[in-house]
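Numbers here simply count residues along the sequence, with the first being 1.
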Amino acid sequence: MTVQGFTRQRSWGFGKQSVLGTAVVASRRIAWRGTLEIEPNWTDQEDVDVGSIDPLLPPFRTQLDVAASGLGGPLTYQDIPPVLASGVRGGVTATGSGTAKTWAHQSLSTTATELDYMSAEWSDDVTADGFRARDGVVESIEFSFDESLSHWMVSSDWRFGAVAPHVTPTAGLAVGSNLPLVFGADTSLWIDDTSGGIATTRISDALHSATIRIENTIDQKRFANGSNSRFALVGYGLSARKITASFVFAKTDAIVAALNSETVDWLNADPVNRYVRLLSQSQTAAESGVPYSWDQRFSGTWRTRSDGDLGGNSTVTLELVGRYDSALGYAYRSVAINTLASLP
């Protein structure tokens, strides 16, 4: 007997939808790990007298909840646009006439934000038990690298509007091979006092690790429309967003002097906005002929400081909570250069 159902046979395929409510077949597989969570919300009829101590009336269903929590893995430069398109800003297309493509995702704070909807196929080698979820958007994203300075990791929580079971996954798709990873060791940090001076003051010989987190509050719109559309999703609203950043620094005289304002900001009576740039550049760019890079910029105020240790040396951890700054023009901006011509 052939054994099936190995977790290593699981795969995630994504396809960008043109409209809400219409699923599309996957056009690309991404090397992420996670499971699809489906909750039909069967509900018992309660608080009625039925002449029985055991349930007698049939249950009924309410809205379907379909999600994928912690979906992610090692971050490649190709994976940045899809997750930001569904988690920060939709409607973005790549620019660049050659092999190198530029993807610029700049958050909107004072106007409504449209997110791109994704269909997702999740399956393993028992292909008859595959699923295709549609209307996918991202509720939270976390990008991070640790003190090993190895590759960045991405973890994302997705929300879907509906799902179809027993869907055979799209044939002929495979995860990309030899896609450049985004390394912590290839990342530089700048912290400045003014929006116009962003990317001026580089912090050197200090950064051990970093975590950037974007949390969206997604309002799911459903209405009483009849016409056999019970609990159907008719739209999403991005009603709130919280951006946080955490950095672990080595503690030395030089670094404390360089970060003097940052290390005391969290005690100030009045909040002081800081402007941050993180730039990751692949060291294999010259070999591949493509200048793979990722430029993140945001602003915010320092909220907490904690002291720790790493390898017997003292560390300082600072956490920043993002703010929209009208002079800067955005709360978060990402510019990624890769070879991805279209989503996903």
Side-chain angles (χ1 to χ4, degrees), residues 5 7 9-17 19-26 28-43 59-73 75 79-90 113-124 126 129-144 153-167 169-170 211-223 229-244 343-344:
T7 56
Q9 296 285 358
R10 289 175 177 171
S11 64
W12 282 93
F14 290 85
K16 178 181 174 295
Q17 297 176 206
V19 295
L20 184 77
T22 302
V24 298
V25 298
R28 180 189 168 206
R29 282 188 181 177
I30 300 180
W32 285 347
R33 174 167 289 186
T35 58
L36 195 65
E37 302 155 9
I38 304 170
E39 173 54 71
N41 287 312
W42 286 106
T43 304
F60 60 91
R61 259 188 55 187
T62 58
Q63 70 182 47
L64 183 69
D65 288 324
V66 185
S69 301
L71 186 59
L75 182 67
D79 301 337
I80 297 167
V83 72
L84 293 183
S86 294
V88 171
R89 184 175 179 177
T113 297
E114 288 289 335
L115 301 175
D116 283 338
Y117 309 126
M118 296 286 180
S119 292
E121 295 176 356
W122 182 63
S123 63
D124 54 23
V126 184
D129 192 44
F131 294 87
R132 180 180 291 136
R134 60 172 168 83
D135 307 330
V137 296
V138 177
E139 291 185 311
S140 70
I141 314 165
E142 183 174 286
F143 300 113
S144 64
M153 296 289 293
V154 58
S155 177
S156 55
D157 296 335
W158 289 72
R159 172 68 53 189
F160 298 93
V163 65
H166 310 303
V167 175
T170 302
T211 300
I212 312 300
R213 184 170 179 81
I214 301 170
E215 298 178 72
N216 295 327
T217 300
I218 301 294
D219 182 17
Q220 302 178 66
K221 296 298 184 183
R222 292 179 169 86
F223 300 105
S229 61
R230 183 186 295 174
F231 302 117
L233 180 73
V234 298
Y236 290 110
L238 177 54
S239 59
R241 175 175 50 233
K242 182 179 181 180
I243 300 171
T244 57
L343 293 174

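Separating the CG atom in D65 from the CZ atom in F231 is a distance of 11.0 Å, to the nearest 0.5 Å. Note: K242 NZ to S140 OG = 12.5 Å, rounded to the nearest 0.5 Å. Summarising the geometry, atom CG belonging to L84 is positioned 4.5 Å from atom CZ belonging to F143; distances are rounded to the nearest 0.5 Å. In this structure, the separation between CD on E114 and OH on Y117 is 5.0 Å, given to the nearest 0.5 Å. The CG atom of L64 sits 7.0 Å away from atom CD1 of I38, with the distance rounded to the nearest 0.5 Å.
Of the possible polar contacts, none joining the W158 side chain to the S86 backbone as a donor-acceptor pair under 3.5 Å is found. Of the possible donor and acceptor atoms, one in the side chain of N41 sits under 3.5 Å from a partner among the backbone N and O of Q63. Panel note: side chain D135, backbone A162; no donor-acceptor pair is recorded below 3.5 Å. In this structure, R213 contributes its side chain and T244 its backbone to no donor-acceptor pair below 3.5 Å. Checking side-chain atoms of N216 against main-chain N and O of G87 turns up a donor-acceptor pair under 3.5 Å. Side-chain N or O atoms of S156 include one that pairs as donor or acceptor with a backbone N or O of L71 at under 3.5 Å.
Taking both residues in full, the closest heavy atoms of D116 and V137 are given as O-CG1, 4.1 Å, listed atom of the first, atom of the second, then distance. Q220 approaches L233 most closely through the heavy-atom pair CB-CD1, 3.9 Å. When all heavy atoms are compared, the tightest approach of G130 to S123 is CA-CB, 3.9 Å. Nearest heavy atom pair, residue T211 against residue S144, reads OG1-CB, 3.6 Å.
In this structure, the side chains of R132 and T170 come closer than 4.5 Å at one or more pairs of heavy atoms.
Counting non-hydrogen atoms of other residues, nucleotides and ligands closer than 6.0 Å to CZ of R230 gives a total of 12 or fewer. More than 12 heavy atoms of other shown residues, nucleotides or ligands fall within 6.0 angstrom of atom CD in E39.
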> Passes side-chain contact (heavy atoms from CB on, under 4.5 Å), V83 versus F14? Steps please.
Replying inline: CA-CA 11 Å; V83 72; F14 290 85; over 6 Å; no
>> Could you go through Q17 and S119, starting from their C-alpha distance and side-chain angles, then the distance that decides it, and tell me whether this counts as side-chain hydrogen bond (donor to acceptor under 3.5 Å, both in side chains)?
In response: CA-CA 7 Å; Q17 297 176 206; S119 292; 2.8 Å; yes
> Between R241 and I214, is a side-chain contact (heavy atoms from CB on, under 4.5 Å) present by the stated rule, with each step listed?
Replying inline: CA-CA 7 Å; R241 175 175 50 233; I214 301 170; 3.8 Å; yes
> Can V138 and M118 be said to form a side-chain contact (heavy atoms from CB on, under 4.5 Å), step by step?
Replying inline: CA-CA 10 Å; V138 177; M118 296 286 180; over 6 Å; no
>> Would Y236 and L115 count as a side-chain contact (heavy atoms from CB on, under 4.5 Å) here? Give the steps.
In response: CA-CA 9 Å; Y236 290 110; L115 301 175; over 6 Å; no
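For F160 and W122, the gap between ring centers reaches or exceeds 6.0 Å.
A salt bridge between D157 and R159 is absent, with no side-chain N of the basic residue lying under 4.0 Å from a carboxylate O of the acidic one.
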